[in-house]
Amino acid sequence: MAQKLWQKDKGVDSLIETFTVGKDREMDIYLAPWDVLGSMAHTTMLESIQLIPSDELPVLKNALKEIYKQTIEGQFNIEEGVEDVHSQVELLLTRALGDIGKKIHSGRSRNDQVLLDLKLYTRDAIRRVTLESNTLVNLLLELSEKHKNDLLPGYTHLQLAMPSSFGLWFGAYAESLIDDMEMLLAAYRISNRNPLGSAAGYGSSFPLNRQMTTDLLGFERMNYNVVYAQMGRGKTERNVASALASVAYSLGKLSMDVCLYMNQNFGFLSFPDELTTGSSIMPHKKNPDVFELIRARCNRMQALPNDVAMITANLPSGYHRDLQLIKEIFVPAFEELISCLQIARYMLEQVQVKKDLLRDEKYKYLFTVEVVNQLVNEGMPFRDAYKEVGMQVEKGTFKAPSEIHHTHEGSLGNLMSAEIRNARDKVLAGFEFNRVEQAIERLLQ
Ligand code: ARG
């Protein structure tokens, strides 16, 4: 029976240990570098309020830096019999430094440690999702401009409606992802608040300097109220999950469009053979498996906010072990979404767009409104023009015009790419990634 941080004299039944530890040893590996950084900030703060002697601070910081290096280089693991990352870090520290290592847990609890780890992990993971989304936005905007004159059928009810363009289609998903980045920004700001010092959820009788750890870790501000800081476990994950689901929504819809447009009856776009997959029986197949899997993964991600909500349903304030389970669905979601964003980009970098699609006779009725509008421009009241063109369609005499003129903002003749880029730049600037990066660098010096 292994030694626990909280163990005094009696041991724990091994079945109970296995059940309660669950997947924590795997999940906590992702939190490890953040746990160590949190300990560096906490230790520095403890020295400032004389809970750690000044000469011991550099010793502790050096040992923590060593452990940090291990976590970054993939050398860190949680040993058999050790419950979680918090216990493992403390164990490594006491192994290296003896009694000095035993001092750093003053004024904190694993409850605010895991809260802190999750905030720091999430803050960084949102940064990665945001940058990946932004890279895709850039590509979509490039494609939008490159194909601004390539027309595409626009549908309502999945029936031919009006002329659209690849310029509009690519640009639409760029703008959609920019709105999602705004959701990510809100989630980022909620994550960028320091819960450390809430300890078990009710603060501490030590005169902790919470502003100091807030600054050391580069947080925008602290979660002021210690009870609320603890309530942030679960609530933060849910807010963040909503932002991830928002990105997934855009990406899933884009993938569905691609699957449809690759279909032979549509035939709007294609990919080089090596990016499609074959069939074991039908020799002609070139399937869109990549976009089908993105679609399914993104659809599954729509459930994440609800899954988090269900784990935390009806929990009163204060810490509960239930919260541990959120890590298993929350932490892997980031890599999942990032891999979808990356592969979507890889595919779209090589997309081939069919030219002159709308020259085909079968698309001629896409232009009825153009002709109606031409008649209106010539002075006919709209309803009369509508009837006139309707009769041409009925009699089979309707002829599509050879040119169309759309000029207003956001239409196929005026994509407003510069404005869309500006909107993106504004959202991106709101993150202030540099501030955090500098704080972490300083802490590691
Ligand atoms: N593995 C735990 C979690 O993720 C860490 C906190 C444990 N705290 C406790 N009071 N048992 O929630």
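Side-chain atoms are counted along with the backbone in the values below, which use heavy atoms only and exclude waters and symmetry mates. Whatever order the structure lists ligands and atoms in, that order sets their numbers, starting from 1.
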| query | After noting the C-alpha distance and the side-chain angles of Phe334 and Tyr121, does the key distance pass the ring-ring contact (aromatic ring centres under 6.0 Å, His included) rule? | reply | CA-CA 10 Å; Phe334 292 96; Tyr121 169 82; 5.8 Å; yes
| note | With sequence neighbours left out, the residues meeting ring pair (Phe, Tyr, Trp, His ring centres under 6.0 Å) with Tyr224 are none
| note | Exactly one of Arg95, Lys103, Lys102 clears salt bridge (Lys or Arg N to Asp or Glu O under 4.0 Å) with Asp99, and that residue is Lys102
| Who's touching ligand 1 if we go heavy atoms under 4.0 Å? | Asp24, Arg110, Asn111, Val114, Arg233, Tyr319, Gln324, Lys327
| Can you tell me if Asn194 uses its side chain to pair, donor with acceptor, with the backbone of Met222 under 3.5 Å? | no
| said: Between Gln211 and Asp215, is there a side-chain donor-acceptor contact under 3.5 Å, judged purely by atom types and distance? | reply: yes
| message | Any non-hydrogen side-chain atom of Glu182 less than 4.5 Å from a side-chain atom of Ser246? | response | no
